[in-house]
2 protein chains.
Amino acid sequence: MSSSDTKQQILDAAEQLFGEEGFTSTSLRAITGAAGVNLAAVNYHFGSKSELAKAVISRHLVPLNQERLRRLDACEKNAKGTASLEEVVASFLGPALDLAREDKQTAGVTRLLGRIYSEQPPFIGELFADEFQDLVERFLHAIEACLPELDRSVVFWRMHFMVGSMAHTLCTNNLLTLFSSGHCSMQDIDEVTQQMVTFVAAGMRAPVISKVEGSR
Amino acid sequence: MSSSDTKQQILDAAEQLFGEEGFTSTSLRAITGAAGVNLAAVNYHFGSKSELAKAVISRHLVPLNQERLRRLDACEKNAKGTASLEEVVASFLGPALDLAREDKQTAGVTRLLGRIYSEQPPFIGELFADEFQDLVERFLHAIEACLPELDRSVVFWRMHFMVGSMAHTLCTNNLLTLFSSGHCSMQDIDEVTQQMVTFVAAGMRAPVISKVEGSR
DNA sequence: GTCTATATCCTGATAGAC
DNA sequence: GTCTATCAGGATATAGAC
C-alpha cells in the first residue's frame with residue numbers, strides 16, 4: 001500500500017467513525033482497524049488524533065465553503081447585482097445538503113459536519129475562525145442587500161437560525177424519521193433543500209416587530 | 001453530608017461538566033472531584049455513568065416539557081380554541097430559552113440540552129421516545145390548527161427546523177458572539193426569544209411552493 | 001513507510017474495611 | 001453511606017526493528 005493510499009484510508013475511516021460516534025468516542029484503534037492499517041500509521045501521517053480530526057474536517061469544509069461562495073458569485077453575476085433571497089439562501093444550504101446525497105446510509109460526512117457546530121472540540125477554534133470568518137461576511141452582505149430594512153443584528157440572528165436548521169437536519173435525520181412516523185426522511189435531498197430554503201427565506205423576510213405575547 | 005446532598009452535588013456537577021465537555025469526554029473522576037464527593041458515590045447512587053446522565057437530563061427535560069404543555073394549554077384556553085401561531089411557537093421555545101436566563105456564564109443546563117439533540121448518546125433512545133413522542137404530537141396538532149393548508153409532512157419539516165434553530169442557539173452562543181463581532185449575545189433572553197419566535201413563525205407560514213432555482 | 005511491542009496514563013466499576 | 005485500594009481494560013503516543 002502506498003503512502004498516499006494509507007493516508008486516504010485513514011481519512012475515510014475516520015470521517016465515517018467520527019460522524020457516527022463523535023470525536024472523543026472514536027478511538028484510533030477503531031479507525032486504523034476499519035482502515036486496515038497499522039495503529040502507528042495515524043501518528044506517523046498526522047501527528048496526533050487532533051490533527052487527524054482537523055484534516056478530516058477541512059477536507060470537506062474547505063471545498064464546501066468554496067462551493068458556497070462559487071454559487072453566491074454565480075447568482076449575483078446572473079442577477080447583474082442583487083440576487084434573490086432564495087438564491088442566496090440556497091447558495092449556502094444547497095452545497096451542504098448535497099453532501100448528504102451519496103451519504104444517505106453511512107451518515108459519514110453529513111453527521112460529521114452537523115456535529116462540528118455543536119460538539120466543538122477544543123482543537124477546532126482556529127480552524128473555525130479562519131474558515132468561516134469571511135464566508136459569514138460575504139453572506140451577511142448578500143442577505144443585507146436583499147433585506148435592507150433589517151438591522152444588522154437581526155440579520156445575524158436569522159443567519160444563526162439558518163445554520164441551526166441546517167446543522168440539526170444534517171445531524172439528526174433519524175430523529176425526524178422517528179417523530180414523523182416516516183412522513184419525512186432524507187431520501188429526497190432536493191425536497192429537503194426546497195423545504196429548508198422556503199422556511200429560511202420566509203423567516204428571514206419576517207417583519208421585525210412581531211407579537212410574542214405568551215401566556216405564563 | 002447527607003445522602004440526598006451527595007446525590008444533588010453529583011447531579012449539579014455532572015450537569016455542569018456534561019454541558020461543557022459533553023458526555024463521553026467527562027469522566028466520573030472529574031464529576032466527583034468537582035462535586036467534592038467520593039468516586040464510588042456515583043456508582044452507589046446511580047449505578048453507572050449512563051444512568052447518571054439519564055438522571056441529569058430528565059431532571060430538566062421533564063419539567064421543561066411539562067411547562068411547554070402548560071403554556072400551550074393556557075394559550076389554547078385563552079383563545080377559546082385555536083391559539084395564534086406565535087403563541088404556539090412561543091410555548092415551545094420560550095421555556096427552553098428561559099433556562100438560559102440564570103445560566104449565562106456557566107452554560108450548564110443550556111448547552112446540555114442543546115447538545116442532547118446532536119450528541120445522541122446511545123443510552124438515550126428510550127428516554128427520548130418516551131419524553132418527546134406526545135409532546136411532538138400535541139404541538140403538531142396545534143400548529144396544524146393554525147396552518148390547515150399545509151401538508152403534515154411540511155409541518156414536520158418546519159418543526160424540525162424550529163428545533164434546530166433552538167438547539168443551535170442553546171448550544172453555540174459563543175459562535176454567534178464571535179461571528180457577529182458582538183452584535184448579538186445571549187444577554188437578553190427576551191430579545192432572543194422574540195427574534196426566534198418571529199423567525200420561526202414566519203418560516204412556518206411560508207407558502208408551500210417557492211422557487212429554489214439555484215445557479216449551478 | 002510500516003510494523004511490533006510497549007510505556008504511560010486514564011477510564012468505569014467494584015470489593016471490602018469502616 | 002462513605003471511604004481506600006484496586007481490577008481489568010482501553011486510551012494515545014512512541015521507540016526501535018525491519
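Numbers restart at 1 for each chain; the letters A, B, ... are given by sequence-line order, proteins then strands. The model shown is predicted, which means the values in this text are computed figures rather than measured ones.
Nucleotide D:dT2 holds its P atom 11 Å from the NZ atom of B:Lys7, rounded to whole Å. In this structure, CD1 of B:Ile10 is placed 13 Å from P of C:dG12, rounded to the nearest angstrom. The interatomic distance linking B:Leu28 (CG) with D:dT2 (P) rounds to 16 Å, in whole Å. When rounded to the nearest whole Å, the span between CG of B:Leu52 and P of C:dT11 equals 15 Å. One can place CG of B:Leu39 at 18 Å from P of D:dG1, the figure rounded to the nearest angstrom. Following rounding to the nearest Å, A:Ile31 (CD1) and D:dG10 (P) show an atom-to-atom distance of 17 Å. Rounded to whole angstrom, the span from the NE2 atom of B:His45 across to the P atom of C:dG12 amounts to 17 Å. Look at OH on A:Tyr44: it is 17 Å from C1' on C:dT4, rounded to the nearest Å.
Look at B:Asn43 and you'll find a side-chain N or O under 4.0 angstrom from OP1 or OP2 of C:dA13. Between B:Asn38 and D:dG1 there is no side-chain polar atom (N or O) within less than 4.0 angstrom of OP1 or OP2. Regarding contacts with the backbone of C:dG12, every side-chain N or O of B:Ser48 stays at 4.0 angstrom or more from both OP1 and OP2. An OP1 or OP2 oxygen of C:dC10 is reached within less than 4.0 angstrom by no side-chain nitrogen or oxygen of B:Ser27. Between B:Thr6 and D:dG1 there is no side-chain N or O to OP1 or OP2 distance below 4.0 Å.
A cation-pi contact, defined as under 6.0 Å to the ring centre and within 45° of the axis, links A:Lys7 to A:Phe46.
A salt bridge does not link A:Arg70 with A:Asp73: every distance from a Lys NZ or Arg NE/NH1/NH2 to an Asp or Glu carboxylate oxygen is 4.0 Å or more. Look at B:Arg152 and B:Glu144 and you find a salt bridge, because one of the NZ, NE, NH1 or NH2 atoms lies within 4.0 Å of a carboxylate O, short of that distance.
Counting any heavy atom pair closer than 4.0 Å across all strands shown, B:Ala41 reaches no nucleic acid atom. Residue B:Thr26 is classed as a sugar-phosphate contact, given heavy-atom separations below 4.0 Å to backbone atoms only.
Listed here is the closest heavy atom pair of A:Asn65 and A:Arg68: OD1-NH1, 2.9 Å.
Heavy-atom nearest nucleotides on DNA chain D were determined for A:Gly47 and for A:Ser25, and the one closer to the 5' end corresponds to A:Ser25.
Two residues are said to be in side-chain contact when any heavy atoms from C-beta on lie closer than 4.5 Å; B:Glu15 and B:Val109 meet this criterion.
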